[in-house]
Amino acid sequence: GNGSFRTPAFGADSFRVSLSSCARVGSNGRVFDAIAASDPLLYLALGDIHYANIGQNSPDAFRAAYERLLTEPGQAALYRDVPIAYVWDDHDYGPNDADSTSPSRPAARRVYREIVPHAGVEPGDEPINQAFTIGRVRFVMTDSRSERTSESMLGEVQLAWLVDELTASSRTHALVVWANPVPWIVEPSEGGDNWNGYPDERRFIADAIAAADIDNLIMVSGDAHMVALDDGTNSAYADGPGFPILHAAALDRPGSIKGGPYSHGTYPGGGQFGLIDIDDDGSRLVVTLSGHSWDGEVLVEETFTFEG
């Protein structure tokens, strides 16, 4: 079908971003209608856009999975009217808990470049990390799967890119939004599938954020089948203050809770999504983070102000 979209303004701009993750194969839930009705400028898909769990190097299998979700009426209507920025998690990259050893890796990377709109993903056999700007906000998206090993979640090259991007963007933009698909606030656990399994790398990133005096960062995440919000109370893993975090899920998967504690609680369930509302007058940027259910309930909401 035919679609349309709005292009953002240059300079200071006020706008809305929607976000969520975790939809079963063939999902056509009314949550997609609710996201579209919220009238966002952009939709952030934070992983598990489908649960095909492809475990082989089959480009056709990935093409078929994208074809199915793009032809489900609810999803198709959303994607026709709202631009999408998407990074995968495990179930849409490979099997459950997939990492860089997954046989699906070459096909996943190849077909992503064929089908998914993206901003600055390197050509060839590379991760799908990327960054782009809307107004005075920099969006930074990391690939937490295809470079992952037992020693590193992001891999050496992507880790260095992230630290450089966060540092530089925090100085040139009023706000930086890091789209990190997997839970950040979680106790260390050997072999854990989110940041609990990589506490040293998490501490390295936290130390870099503190050393650069980054105070205009928020994080958005998926993976856990819940809406959850932390105001920065629990997100610091280095000396200095933390940063706000909004989890937004699940689109239509059963509820679950991962990590925590979260200052504003957890709301497990399906049919859920998040919103980032940006109000920027050019000298002060006000951000409202909120979590919603498909039927209009506001699950959680908090506002943060960034000067400059």
Next on the checklist: Using the rule given for side-chain hydrogen bond (donor to acceptor under 3.5 Å, both in side chains), can you reason through D60 versus S58, listing the C-alpha separation, both sets of side-chain angles and the distance that settles it, and then say yes or no?
Outcome noted: CA-CA 5 Å; D60 284 344; S58 172; 5.7 Å; no
Could you tell me if the side chain of [Y] sits less than 4.5 Å from the side chain of [X], heavy atoms only?
X    : Y    : answer
Y86  : P117 : no
E165 : Q130 : no
L69  : Y79  : yes

Item to check | Counterpart residues, salt bridge (Lys or Arg N to Asp or Glu O under 4.0 Å), relative to D39 (two or more places apart) | outcome: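 Once residues adjacent in sequence are excluded, the partners of D39 under the salt bridge (Lys or Arg N to Asp or Glu O under 4.0 Å) criterion are R6.
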Checklist entry - Which distance, rounded to the nearest 0.5 Å, do you find between the OG of S18 and the CD1 of I35? => result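 Interatomic distance, S18 OG to I35 CD1, rounded to 0.5 Å: 5.5 Å.
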Checklist entry - Just how far is it from atom CD1 of I128 to atom CE of M141, taken to the nearest 0.5 Å? => result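 Atom-to-atom, I128:CD1 and M141:CE are 8.0 Å apart.
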Checklist entry - Taking the inter-plane angle between the rings of Y51 and H91 on a 0 to 90° scale, is it parallel (under 30°), tilted (30 to 60°) or perpendicular (over 60°)? => result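 Y51 vs H91 ring planes: parallel.
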Checklist entry - Do the rings of F15 and F139 sit parallel, tilted or perpendicular, given the 30° and 60° boundaries? => result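 Rings of F15 and F139: tilted, as their planes differ by 30° to 60°.
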Item to check | Centroid-centroid under 6.0 Å between Y93 and Y112 rings | outcome: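 Centroid separation for Y93 and Y112: 6.0 Å or greater.
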Checklist entry - Does a side-chain N-to-carboxylate-O contact under 4.0 Å join R148 and D193? => result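 Yes, R148 and D193 are salt-bridged.
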Next on the checklist: Could you check whether atom CD of E156 has more than 12 heavy atoms from other residues, nucleotides or ligands sitting under 6.0 Å from it?
Outcome noted: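 Not buried by this count: 12 neighbours or fewer within 6.0 Å.
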Checklist entry - When you check the side-chain N and O atoms of T142 and S144, is any donor under 3.5 Å from an acceptor? => result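 Looking only at side-chain atoms, S144 and T142 do not form any donor-acceptor pair under 3.5 Å.
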Item to check | Distance-only polar pair, side chains of S146 and R109, donor-acceptor under 3.5 Å | outcome: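 Indeed, the side chains of S146 and R109 share at least one donor-acceptor pair under 3.5 Å.
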Next on the checklist: Going by the rule side chain to side chain contact (heavy atoms under 4.5 Å, CB included), which residues pair with P199 if we only count those two or more places apart in sequence or in a different chain?
Outcome noted: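 With neighbours one apart ignored, the set is P188, R202.
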Checklist entry - Are W178 and L289 in one and the same hydrophobic cluster, where Ile, Leu, Val, Met, Phe, Trp and Tyr link if side-chain heavy atoms are under 4.5 Å apart? => result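 No: no chain of side-chain contacts under 4.5 Å links W178 to L289.
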Next on the checklist: Tell me every residue that passes side chain to side chain donor-acceptor pair (under 3.5 Å) with H50, counting only those two or more places apart in sequence or in another chain.
Outcome noted: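 Here no residue qualifies.
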